[in-house]
Amino acid sequence: SDVYKRQDPSDPTFGGSGDAADSSDTSADDSSQDASTEDANAGNGKDAKVVVLNASGVSGVAATWQTTLTADGYTSVDIGTYDNGDQSTTVIYTSDSYDVSGLVSLLGGAATADRSDIDSSVASDVDISGADIVVVIGVDNAANN
């Protein structure tokens, strides 16, 4: 397939000057394929480190959501309790590098906020400092799963 690419007029290296262009083109293809595969997995949040914090005041809610998220394909879901009192609504704290639209839908249209907006001190029973996505389950999602 590399030979075809080099002869494809739509390829930016078409008509390039010899071996140097060809070898850099090949290595760029290889690394971009690897990166795009990783980006596809990381981008949807399924391979992200997710922490679910129960802020609903109802015991066991984080564990139930952990089961739901794992069943939906999330590979790393830890749970804990939100220490700053009950929250009425669920909020997903994430960075721009994750598309959490699927998570928002799963959680019934939860709000999103920037990952840096939640401090590690809000949970004493789990370390959220390494989490990519922190989901604070509010009263609105205490019984919706």
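Fair warning: this is a prediction, and the values are worked out from it, not measured in the lab.
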More than 12 non-hydrogen atoms from neighbouring residues, nucleotides or ligands closer than 6.0 Å to CG on Asp96, yes or no? no
So if you build clusters from Ile, Leu, Val, Met, Phe, Trp, Tyr with side-chain heavy-atom gaps below 4.5 Å, do Tyr98 and Ile92 land together? yes
Under a single-linkage definition using a 4.5 Å side-chain heavy-atom cutoff for Ile, Leu, Val, Met, Phe, Trp and Tyr, are Val52 and Val58 assigned to the same hydrophobic cluster? yes
side-chain contact (heavy atoms from CB on, under 4.5 Å) between Thr75 and Thr70, worked out: CA-CA 6 Å; Thr75 57; Thr70 302; over 6 Å; no
Is the backbone of Asp114 close enough, under 3.5 Å, to the side chain of Ser95 for a donor and an acceptor to pair up by distance? no
Linking I/L/V/M/F/W/Y whenever any side-chain heavy atoms sit under 4.5 Å apart, do Leu69 and Val104 land together? yes
Heavy atoms of Ala113 and Val91 approach each other most closely as CB-CG1, 3.9 Å
Hey, does the side chain of Trp65 reach the backbone of Asn141 with a donor-acceptor pair shorter than 3.5 angstrom? yes
Donor-acceptor pair, Thr81 side chain versus Asp83 backbone, under 3.5 Å? no
Report yes or no: does Asn84 contribute a side-chain atom to a donor-acceptor pair with the main-chain N or O of Val122 at less than 3.5 Å? no
Are the side chains of Leu106 and Asp72 in contact, using a 4.5 Å heavy-atom criterion? yes
If you round to the nearest 0.5 Å, how far is OG of Ser129 from CD1 of Ile118? 12.0 Å
Test Val100 against every option in Thr112, Val50, Val135 by the side-chain contact (heavy atoms from CB on, under 4.5 Å) rule and name the one that passes. Thr112
ILVMFWY cluster, Leu107 and Tyr74 together (side-chain gap under 4.5 Å): yes
Distance col, row Tyr82:OH vs Asp125:CG, nearest 0.5 angstrom, shows 13.5 Å
Heavy-atom closest pair (Ser56 atom, Val61 atom, distance to 0.1 Å) is OG-CG2, 3.6 Å
Going by heavy atoms in the side chains, are Arg115 and Val134 under 4.5 Å from each other? yes
Rounded distance [0.5 Å steps], CG in Asp132 versus CG in Asp47: 10.0 Å
Nearest heavy-atom approach of Asn54 to Gly60 is ND2-N, 4.1 Å
Side-chain (Gln66) to main-chain (Ile79) donor-acceptor, under 3.5 angstrom: no
Hey, any chance Ile133 and Val136 share a hydrophobic cluster, counting ILVMFWY side chains that come within less than 4.5 Å of each other, even indirectly? no
Can you tell me if Asp140 and Thr89 form a side-chain donor-acceptor pair at under 3.5 Å? no
Residues Asp78 and Lys49 bridged, charged N to O under 4.0 Å: no
